Amino acid sequence: MKRILPLIGGILLIAAAIGVWSVTRSAAWSEEEKSTLSGLWIGSLPALQPDPSNAYADDTQAAEFGHELFFDTRFSSTGEVSCATCHLPELMFTDGESLAQGVGTTDRKTMTIIGTAYSPWQFWDGRKDSQWAQALAPLESAVEHGGTRAQYVHLISEFYREEYEAIFGPLPDFSDPERFPISAGPVDDPAARAAWEAMTQADRDAVTQVFVNMGKAIAAYERLIMPGPARFDLYVDALLKDDKPAMKTALTEDEVAGLRLFIGKANCIQCHNGPLFTNNDFHNTGVPTAQNLPLDDGRASGVILVLADEFNCLSPWSDAGDSDCAELRFVTSAGEQLAAAFKPPTLRNVAETAPYMHAGQFATLEDVLAHYNHPPVSPIGHNELDPLGLTPREMAQIVAFLGALSGGVDAPPELLQAP
Amino acid sequence: MEKQQLKVILTAVITTIIVIVGLIVLMPFIGPRFLHPMMMGDQPAPSGLDTSTERTSDAGMFMVSWSSDSGELPLNQIHTWTLHVETADGQPVEGATILVDGGMPQHGHGLPTNPQVTADLGNGDYRVEGMRFQMLGFWEVRFTITANGQSDSITFDLVLE
Ligand SMILES: [Cu+2]
């Protein structure tokens with residue numbers, strides 16, 4: 001008996017020592033982890049590639065014009081809705097709502113536009129393959145701007161003629177109301193649709209060309225809206241310079257612990273990777289169908305829509321050559337993995353953009369983490385997530401870390417308000 | 001009698017304690033993943049992977065090598081590869097039909113895109129367009145090559161870091 005007691009004591013001491021060692025050991029980042037962290041760092045964001053489908057993508061005049069269009073409520077059926085109605089610069093270009101309010105109510109949540117110039121696919125389901133093609137969708141959506149392309153080209157003729165012509169060349173003469181009705185377009189509204197179908201192909205093309213150029217100008221504006229550096233970026237900056245005091249001031253211990261979980265045990269970087277914290281691919285994460293909304297099959301429908309889209313990269317309205325449209329030409333267009341798959345949003349500024357998910361299903365980041373910890377069966381398709389076994393403390397640490405991704409917008413201040 | 005029983009119980013208790021303490025001691029070395037499969041992040045790439053970019057096909061019919069045209073394996077960017085195919089004795093294979101697939105065996109998913117060979121560049125070189133990797137870690141890329149009525153495949157391992 002007496003001999004055994006010191007033995008147990010010794011073993012306990014060793015265990016304690018190893019425990020302490022493993023805790024202190026985890027305070028340093030391995031070389032591999034450092035390389036992962038530098039991949040998430042904003043300094044790794046490459047220069048924005050040209051958009052071959054938009055010849056005006058990097059034209060400063062076009063961006064100024066796009067800025068005006070983005071805030072101009074005349075481009076709507078009620079005269080009250082602009083892009084900025086739902087994409088508010090002060091809310092990181094979102095609106096704080098579960099479902100967006102335009103002239104009606106959408107069935108998805110407003111996404112941020114910050115940094116989306118980097119994404120080959122636009123919308124939660126990627127049903128558009130460029131920013132200019134994307135911009136044309138809300139303009140003709142019955143629940144967003146609610147107008148028609150003929151209405152919009154009349155507005156351009158009336159209010160923006162000089163600006164338009166300085167960028168895109170002469171504006172066609174749309175003054176004959178017989179040929180160019182006040183409202184006409186391939187939209188849900190039967191009267192506007194009938195008016196559109198009654199026009200000649202040449203007149204329709206003249207209208208569509210100006211409409212397309214509006215999209216290209218708006219895209220040129222959106223390309224200037226980038227995320228600003230967050231405390232997380234200061235931390236990585238300091239880490240890469242091995243500046244320990246700066247690391248300490250950048251992130252709290254809990255935030256660092258959350259970061260460690262994010263790239264480790266919780267494995268968030270599988271999908272939220274790269275400097276924008278999104279792989280811009282599509283994943284089924286089993287987010288429940290929102291109340292009072294039909295089942296949303298996400299990418300499964302989105303890919304069919306983009307392949308058939310009037311304005312996709314291979315369309316005659318695109319400035320790209322066929323060989324430029326690799327994303328579209330080699331897209332995965334079928335398979336179970338597309339069912340209820342959605343695009344992971346950027347997590348930069350995510351603490352400022354509640355509620356969360358494609359129909360605002362979760363009110364808080366705590367709800368989001370609870371979802372990831374116990375992923376439910378997906379409404380359709382297969383949920384890619386595995387249970388994480390995180391403790392409440394660990395979940396709180398990840399939430400704390402997500403808060404350290406807020407760095408606001410990096411854009412000239414005049415672009416963040418109505419012109 | 002009573003004393004003996006006590007001894008047995010004591011030995012059992014002490015053995016249990018030693019085993020538990022031993023497990024705790026060994027935790028940092030064996031890692032939590034073997035104790036609880038859910039307590040893990042992403043699995044590390046399997047050890048002993050052959051990530052060489054030039055290999056003999058499964059049945060030994062072809063020597064195959066790949067290179068990314070930009071010289072890098074970018075994350076989340078669609079890009080182009082050049083595949084070079086030779087016979088086992090070093091003659092370039094032209095006019096082959098080549099199919100591409102692959103995925104992440106540890107995640108149980110395929111490639112996010114549908115890459116294709118879009119040009120026979122001559123001299124055994126083929127252009128593979130539409131390559132894209134959207135996650136870090138271990139990937140397999142498989143080419144099934146048919147030339148002169150014969151077919152063979154080759155699986156390349158690669159690790160995105
Ligand atoms: Cu994967």
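Treat the numbers as computed from the prediction; the structure is a model and nothing was measured. Heavy-atom basis, side chains included; hydrogens, waters and symmetry copies ignored.
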Inset, instruction - Select all residues of residues 89-103 of chain B having any heavy atom within less than 4.5 Å of some heavy atom of chain A, and report them by number, or 'none'. - result: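 From residues 89-103 of chain B, none sit under 4.5 Å of chain A.
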Legend entry - Neighbours of chain A found in residues 46-75 of chain B - heavy atoms under 4.5 Å: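 When heavy atoms of chain A are the reference, residues 46-75 of chain B contributes B:Leu75 within the under-4.5 Å range.
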Inset, instruction - Determine whether the side chains of B:His107 and A:Gln270 contain a donor N or O and an acceptor N or O closer than 3.5 Å. - result: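 On atom types as modelled, these side chains qualify, holding a pair under 3.5 Å.
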Inset, instruction - State which residues pass side-chain hydrogen bond (donor to acceptor under 3.5 Å, both in side chains) with A:Asp281; sequence neighbours excluded, sorted by chain then number. - result: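 Result, side-chain hydrogen bond (donor to acceptor under 3.5 Å, both in side chains) vs A:Asp281: B:Gln134.
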Legend entry - Option among A:Thr278, A:Asn273, A:Asn280 that satisfies the side chain to side chain donor-acceptor pair (under 3.5 Å) test with B:Asn76: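 In the set A:Thr278, A:Asn273, A:Asn280, the residue that makes a side chain to side chain donor-acceptor pair (under 3.5 Å) with B:Asn76 is A:Asn273.
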Legend entry - Heavy-atom contact with chain A under 4.5 Å, split by part of B:Thr118: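 Only the side chain of B:Thr118 comes within 4.5 Å of chain A.
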Inset, instruction - Heavy-atom distances under 4.5 Å only: say whether A:Leu261 touches chain B with side chain, backbone, both or neither. - result: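 A:Leu261 has no heavy atom closer than 4.5 Å to chain B.
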Inset, instruction - Please flag which part of A:His283 lies under 4.5 Å from any non-hydrogen atom of chain B: side chain, backbone, both or neither. - result: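 Side chain only.
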Inset, instruction - Calculate, to the nearest 0.5 Å, the distance between atoms CD and CD belonging to A:Gln49 and B:Gln77 respectively. - result: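 Taking CD in A:Gln49 and CD in B:Gln77, the distance rounds to 6.5 Å.
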Inset, instruction - To the nearest 0.5 angstrom, please state how far the CD atom of A:Gln337 sits from the NE2 atom of B:His109. - result: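 A:Gln337 CD to B:His109 NE2: 10.0 Å, rounded to 0.5 Å.
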Inset, instruction - Check whether any side-chain N or O of B:Thr113 sits under 3.5 Å from a backbone N or O of A:Phe330 as a donor-acceptor pair, and report yes or no. - result: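 It does not hold such a pair.
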Legend entry - Sub-4.5 Å side-chain heavy-atom contact between A:Arg329 and B:Gln116: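 No. Closest side-chain heavy atoms not under 4.5 Å.
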Legend entry - Partner residues of A:Cys268 under the disulfide (SG to SG under 2.5 Å) criterion, sequence neighbours left out: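 A:Cys268 satisfies disulfide (SG to SG under 2.5 Å) with no residue once adjacent residues are dropped.
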Inset, instruction - Return the minimal non-hydrogen interatomic distance between A:Ser323 and B:Glu129, and the atom names on each side. - result: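 The pair with the smallest heavy-atom distance is O-OE1, 4.5 Å.
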Legend entry - Heavy-atom pair of closest approach, residues B:Leu136 and A:Thr36: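 Looking at all heavy atoms of both residues, the closest pair is CD1-CG2, 4.4 Å.
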